[in-house]
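Written out below as structure tokens is the structure these notes cover.
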Amino acid sequence: MSPEETDLSRRHMLAVLGTGAVSSTAGCSGDSDDQGGEDGDDETLSEDTADVGSETQITPPDGVPVANRPIDRRVGSMHTSPKYRFEDGDVLNEGARTLQDLGVSTIGVKLHDPSTYYSLSTDWERVTHLRSAAEHEHYHELFRRDFDTYVVEAFAHLGRERPAVDYFHSSFSDDRAGQITEEFRELGEYLLETFDGTGNEIILQDWEIDAQLTPEFPPMKPQGDEIRERAKRWINARQQGIVEARQSVESDVALLGAVEVIEVFDAMDNDGDWVVNTVLPEMQVDLVGFSSHGQIDREAGHEIDTYEKVRERVFETLDYIESNAPKPSDYVRSVLGDEVRPVYLSEFGQPEVRDDYIDVMQAFRILPAALEWGIPYAIYWQLYDNEVVINGEIETYVSERELEREFGDSPGPEDVVGWYLIDPNGDPGTRWYLFEELLEDPEGFDPSFEGLLATYQRFSGLETGHLLELRYDTVVDESELNPNVPEDDSRSLSLLCSSLELSDGTRSVEYDIGAEDERLIFETGAYRQEQAEDFSFRWFGSSDGVTRLHVMSDTPIFENDPVQVILKGQAPEGEVNVTVTVNETELGTVTIGGEHETVTIS
């Protein structure tokens with residue numbers, strides 16, 4: 001079941017509970033490209049038109065092994081489809097300058113259809129070929145910048161102004177494969193010739209191939225053998241062009257080809273049929289990108305409580321992808337070292353506005369684990385937010401005129417989804433500070449909750465606080481309450497909580513649990529905000545029946561420790577006994593029933 005379908009099921013369950021609550025979801029959207037098959041192409045499958053063999057004509061670049069590279073060569077951010085800017089003119093290179101200020105030397109961009117992805121205050125000539133896009137002065141300036149690595153998403157235009165991403169949905173002929181090979185060969189030759197002497201690494205990748213296999217995406221669904229076979233031939237045609245370029249031009253620029261997978265957990269945990277475990281072993285690519293934000297990032301941000309468990313899950317996932325990936329070629333080993341592991345994080349992160357600050361930071365925990373595992377690159381999604389909310393709907397492809405009509409000079413932080421390092425006000429997000437700390441001291445970076453909380457305190461200015469622990473004698477599996485929620489998506493529920501009040505006997509402070517509040521830091525046992533008919537709330541609960549909440553402030557809240565806690569909420573069914581501890585001092589236990597009520601613990 002998709003996240004959207006699961007949320008609809010949860011709305012039904014909450015309505016049954018009498019809250020009239022609803023949820024909302026947001027996520028990373030894909031390409032805007034036309035969705036159309038190849039009219040007139042032969043729909044029968046044929047053998048691969050090209051076999052990517054060994055490369056002996058040209059000496060490959062002699063690169064630095066991944067293990068010996070500084071951290072700034074291995075981490076960076078995607079910059080595409082920004083919904084705001086801070087300078088006039090070329091928004092593509094504005095973003096590149098911003099990332100250089102951060103101190104990274106890796107950047108991700110899109111090359112095809114630049115008039116869509118970098119339209120803000122930028123005039124683009126008509127582009128019908130990837131080489132003509134790369135020849136544009138803005139990309140020429142970009143590739144001359146002081147970056148070591150460019151992760152470039154590219155789709156062949158094939159003479160059209162806006163390329164299609166679904167070349168293989170209904171058919172994929174040998175003629176079409178040959179056209180794609182030729183366009184990638186001509187692009188590759190241009191990059192190798194023009195930027196020889198820079199020593200750059202340029203990775204040409206697709207976008208989330210599992211999503212491309214689903215015409216009605218979202219949600220993604222496993223597809224049949226024939227469409228996966230056509231997708232394999234499409235990827236191999238791209239790679240053939242890359243190899244032919246490498247064989248024809250000697251250069252110190254390293255040119256690599258990659259495929260990006262997104263659905264891994266269902267294949268790994270449930271033997272579901274996805275690209276990673278069906279046709280990936282037959283794809284003749286150099287590297288495999290993993291778009292992880294909907295999978296391991298979500299688990300790390302919301303479900304896994306300790307860094308040790310995050311590390312274990314990251315290693316398990318990357319090991320699984322690597323076990324299905326093609327073995328690194330001589331060319332890849334020359335560029336990235338003999339011990340290279342050919343899997344990288346092509347997209348990672350969680351949205352800041354939609355998630356809690358600490359959840360966003362905890363999702364960042366996958367990065368040090370993945371770097372330890374040996375990924376050569378990690379690309380954060382992304383620099384400036386690529387999504388805005390208009391009339392309650394998340395929009396990815398919005399013209400500059402539409403943005404001005406809806407938001408004036410610029411959307412505000414409340415108008416975007418939260419995929420950013422820099423928010424619409426120009427302020428750094430939590431991930432910017434985490435990147436700064438990781439770059440400054442990779443060995444000393446502490447990905448534990450305590451380390452992340454200390455980082456949060458430093459950049460937020462919130463230093464003092466109180467630790468509340470709620471323990472429940474009842475944990476209800478969500479799927480038992482609502483059979484429409486599958487077990488894999490089911491949450492452990494103990495308490496629906498809408499408000500919390502603390503008192504030391506002389507002063508009281510109340511907090512809206514369902515509102516966005518930087519003072520409330522949930523360590524474990526709390527889910528995302530939801531909205532009922534007349535109040536907002538969160539579900540509290542975990543598999544071990546514990547919620548831990550830090551209440552922060554820039555000045556002391558009380559003269560003494562709180563001696564009274566007032567909760568407003570209800571049990572998911574029946575009754576739940578809640579034992580409340582403040583700063584390791586147990587205040588007492590209270591029983592909460594199935595009606596929305598206010599209870600006091602003192």
Side-chain angles (χ1 to χ4, degrees), residues 29-41 78-85 87-96 107-145 150-169 173 175-195 202-207 212 234 237-238 241-242 245 255 382 384 386 395-405:
S29 298
D31 279 79
S32 68
D33 307 322
D34 300 332
Q35 299 293 306
E38 303 173 46
D39 295 338
D41 277 343
M78 190 73 174
H79 174 48
T80 181
S81 197
K83 296 300 179 285
Y84 45 90
R85 66 188 189 281
E87 304 172 10
D88 292 330
D90 173 15
V91 73
L92 173 64
N93 281 284
E94 175 189 329
I107 185 173
V109 297
K110 296 198 179 193
L111 181 60
H112 60 278
D113 198 9
S115 62
T116 294
Y117 297 113
Y118 304 101
S119 60
L120 292 185
S121 299
T122 305
D123 294 325
W124 295 91
E125 296 87 5
R126 184 171 181 266
V127 170
T128 59
H129 192 290
L130 286 171
R131 174 168 179 157
S132 64
E135 289 174 336
H136 192 282
E137 61 179 338
H138 295 330
Y139 281 105
H140 190 87
E141 178 182 344
L142 175 72
F143 287 121
R144 287 290 182 187
R145 287 190 168 275
Y150 297 84
V151 177
V152 180
E153 186 180 301
F155 286 82
H157 277 260
L158 303 178
R160 294 182 294 183
E161 189 166 0
R162 298 184 67 197
V165 301
D166 59 341
Y167 301 102
F168 45 79
H169 276 170
S173 68
D175 285 345
R176 180 53 54 90
Q179 293 168 351
I180 291 170
T181 294
E182 180 180 10
E183 187 160 340
F184 273 84
R185 175 181 55 78
E186 292 177 357
L187 168 66
E189 289 174 345
Y190 169 78
L191 294 172
L192 293 170
E193 292 170 350
T194 305
F195 302 104
I202 301 176
I203 297 92
L204 300 178
Q205 71 166 47
D206 71 325
W207 167 77
Q212 295 179 62
W234 170 62
R238 293 161 53 98
I242 293 169
L255 187 67
Q382 69 167 321
Y384 299 161
N386 67 309
E395 303 288 349
T396 304
Y397 304 104
V398 185
S399 70
E400 187 169 13
R401 180 177 298 179
E402 290 175 294
L403 288 171
E404 291 176 353
R405 183 176 65 244

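Heavy atoms only, all atoms of each residue included: T396 and S81 are closest at O-OG, 3.7 Å. Looking at every heavy atom in both residues, L158 comes nearest to Q179 through CD2-CB, 3.7 Å. When all heavy atoms of N386 and K83 are compared, the pair lying nearest together is O-NZ, 3.0 Å. Taking every heavy atom of both residues into account, A237 and A177 meet most closely at CB-O, 3.6 Å. Heavy atoms only, all atoms of each residue included: S132 and V127 are closest at OG-CG1, 3.6 Å. The nearest pair of heavy atoms linking D113 to H157 is N-NE2, 3.2 Å.
A 4.5 Å side-chain heavy-atom check between L204 and L130 finds every atom pair outside the cut-off. With contacts defined as side-chain heavy-atom distances shorter than 4.5 Å, the pair R131/E183 does not qualify. A heavy-atom distance below 4.5 Å is not found between the side chains of P114 and L92. Using a 4.5 Å heavy-atom cutoff, the side chains of L191 and Y150 are not in contact.
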*Going through the checks in order, is the side chain to side chain contact (heavy atoms under 4.5 Å, CB included) test met by W234 and R176?*
CA-CA 9 Å; W234 170 62; R176 180 53 54 90; over 6 Å; no

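Atom CD1 of I202 and atom CD1 of I242 lie 10.5 Å apart (nearest 0.5 Å). In this structure, CD in E135 is found 10.0 Å from NE2 in H140, a value given to the nearest 0.5 Å. Atoms CZ and CZ, on F195 and R144 in that order, are 5.5 Å from each other to the nearest 0.5 Å. Note that NE2 of H112 is 5.5 Å distant from CZ of F155, once rounded to the nearest 0.5 Å. Atom CZ of R160 is separated from atom OG1 of T128 by 11.5 Å, given to the nearest 0.5 angstrom. Taking OH of Y84 as the reference point, atom CG of L403 lies at 11.5 Å (rounded to 0.5 Å).
Within the 3.5 Å criterion, the main-chain N or O of E87 finds a donor-acceptor partner in the side chain of E94.
Residues passing the side-chain hydrogen bond (donor to acceptor under 3.5 Å, both in side chains) test with E186 are H129, sequence neighbours excluded. Among residues two or more places apart in sequence or in another chain, the side chain to side chain contact (heavy atoms under 4.5 Å, CB included) test is passed with E141 by D90, N93, R97, R145. Partners of Q205 under the side-chain hydrogen bond (donor to acceptor under 3.5 Å, both in side chains) rule, at least two apart in sequence or in another chain, are Y344. R85 pairs by the side-chain hydrogen bond (donor to acceptor under 3.5 Å, both in side chains) definition with S121, E400, not counting sequence neighbours. Residues that satisfy the side-chain hydrogen bond (donor to acceptor under 3.5 Å, both in side chains) test with S399, not counting sequence neighbours, are E402. Scored by the salt bridge (charged side-chain N to carboxylate O under 4.0 Å, His left out) test, E395 finds no partners at all (sequence neighbours excluded).
Using the six-membered ring where Trp is involved, Y139 and Y118 have ring planes that are perpendicular, over 60° apart on the 30 and 60° scheme.
Between W124 and Y117, the ring center distance fails the sub-6.0 Å criterion.
Remark: the H136 side chain and the E125 side chain contain an N/O donor-acceptor pair separated by less than 3.5 Å.
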